[in-house]
Amino acid sequence: MFGFDLAEILPFIAVGFAAQLVDGALGMAFGVITNTLLVGLLGVPPALASQRVHLVECFTTASSAISHLVNRNIDRKLFFRLLIPGVIGGVAGTTVLASIDAAVIKPFVLTYLAGIGIYLLVRGLLYPPVMREAKRVAPLGLIGGFLDAAGGGGWGPVVTSNLLIQGAEPRRVVGTVNSVEFFLTVSVSIAFIFHLGLGDFVGATLGLIIGGVAAAPFGALAARHFSPKLVLILVGIVLTVTSAYGIYTALS
């Protein structure tokens, strides 16, 4: 009746759950993990993969934002400083990806993110974090939104990691970045629909939605209870590993 086999989407439910659990707790990786699956394993064209992931994230980021709000993980001032630049960057990124191949710059962006991941890992292991208000926010939102649309998953890695480098409180960074991502994702999805048309919600897409929405409350709860030191270490590991894998696949 619905045009899909439940057994076939179970692996995607598991992937969506795992990806959102990591994303909700650490502020990154849903787009990276799901895009790697769609493009690397299933051979989906990058623009179509990014469109599908952003459609899925309309649901997962809404659930995640509500969960972070309940757990008091959102910094209101930081939220509004990220919101408008992020949406502008995201809409601009859809135009670029729909018209040219952004794969040329992707290895350079991933190399940069891998370097940040190593830095955050070392900082978390060797130094106690010093909490202070982030100063460079609007440019991060603009760049993060652009790379998220053009690269299919750069918002969390770029914005979360750079805010952590500036010394912002980890759990509020994660909660705020995840919450702004809902508005970014809706804007990017509308732009993709304008350029590419509306995709269907069956098969892998539906599985990712189910798994991601189910995991969102658990990710937000983890972000609230993780220590700042642990968040820095885990973000460093996830960012380094996913970026290194992205570099490998982009160059192979």
Side-chain angles (χ1 to χ4, degrees), residues 16-33 57 59-83 85-86 113 116-138 140-141 144-145 148 153-185 212-243:
F17 187 92
Q20 183 56 43
L21 190 63
V22 174
D23 192 280
L26 303 180
M28 64 179 68
F30 186 89
V32 173
I33 293 172
E57 287 183 330
F59 297 86
T60 60
T61 55
S63 180
S64 182
I66 293 170
S67 300
H68 279 295
L69 182 63
V70 170
N71 284 279
R72 300 180 181 178
N73 293 338
I74 299 176
D75 182 323
R76 183 178 299 181
K77 181 179 178 181
L78 180 61
F79 177 92
F80 287 106
R81 292 174 69 189
L82 282 173
L83 180 60
L113 292 175
I116 290 181
I118 294 172
Y119 172 81
L120 289 174
L121 177 59
V122 172
R123 182 180 171 207
L125 290 172
L126 300 181
Y127 302 101
V130 179
M131 299 297 104
R132 56 181 179 271
E133 183 179 357
K135 298 185 181 300
R136 295 178 297 277
V137 176
L140 276 181
D148 189 76
W155 174 255
V158 170
V159 180
T160 299
S161 62
N162 278 278
L163 288 174
L164 291 177
I165 284 178
Q166 293 183 56
E169 183 182 359
R171 79 177 181 92
R172 293 194 181 277
V173 165
V174 171
T176 305
V177 170
N178 269 268
S179 299
V180 174
E181 189 174 14
F182 167 70
F183 297 93
L184 168 66
T185 299
V213 169
F218 298 100
L221 190 62
R224 180 178 181 180
H225 292 287
F226 282 174
S227 69
K229 181 181 181 71
L230 180 60
V231 171
L232 287 173
I233 293 173
L234 292 178
V235 168
I237 292 172
V238 170
L239 189 56
T240 303
V241 171
T242 54
S243 299

Under 4.5 Å between any side-chain heavy atoms of N178 and T61, yes or no? no
Check whether any side-chain heavy atom of L78 lies under 4.5 Å from a side-chain heavy atom of L163, and answer yes or no. yes
On a heavy-atom basis, which atom in [X] and which in [Y] lie closest, and how many Å separate them?
X    : Y    : result
L140 : V159 : O-CG2, 3.6 Å
H68  : S179 : CB-OG, 4.2 Å
A220 : S67  : CB-CB, 3.5 Å
Q20  : A215 : CB-CB, 3.9 Å

Could you measure the distance from the [atom1] atom of [X] to the [atom2] atom of [Y]? Nearest 0.5 Å is fine.
X    : Y    : atom1 : atom2 : result
T160 : E181 : OG1   : CD    : 8.0 Å
F17  : T60  : CZ    : OG1   : 13.0 Å
I237 : I118 : CD1   : CD1   : 12.0 Å
S63  : F182 : OG    : CZ    : 11.0 Å
I66  : N71  : CD1   : CG    : 12.5 Å

Assign the ring pair F183 / F79 to parallel, tilted or perpendicular, where the plane angle (0 to 90°) is split at 30° and 60°. perpendicular
Any salt bridge (Lys or Arg N to Asp or Glu O under 4.0 Å) pairs touching residues 60-83, not counting sequence neighbours?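 Applying salt bridge (Lys or Arg N to Asp or Glu O under 4.0 Å) to every pair that reaches into residues 60-83, excluding sequence neighbours, yields K77-E133, R81-E133.
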Could you go step by step and tell me if N73 and R171 meet the side chain to side chain donor-acceptor pair (under 3.5 Å) rule? CA-CA 6 Å; N73 293 338; R171 79 177 181 92; 2.7 Å; yes
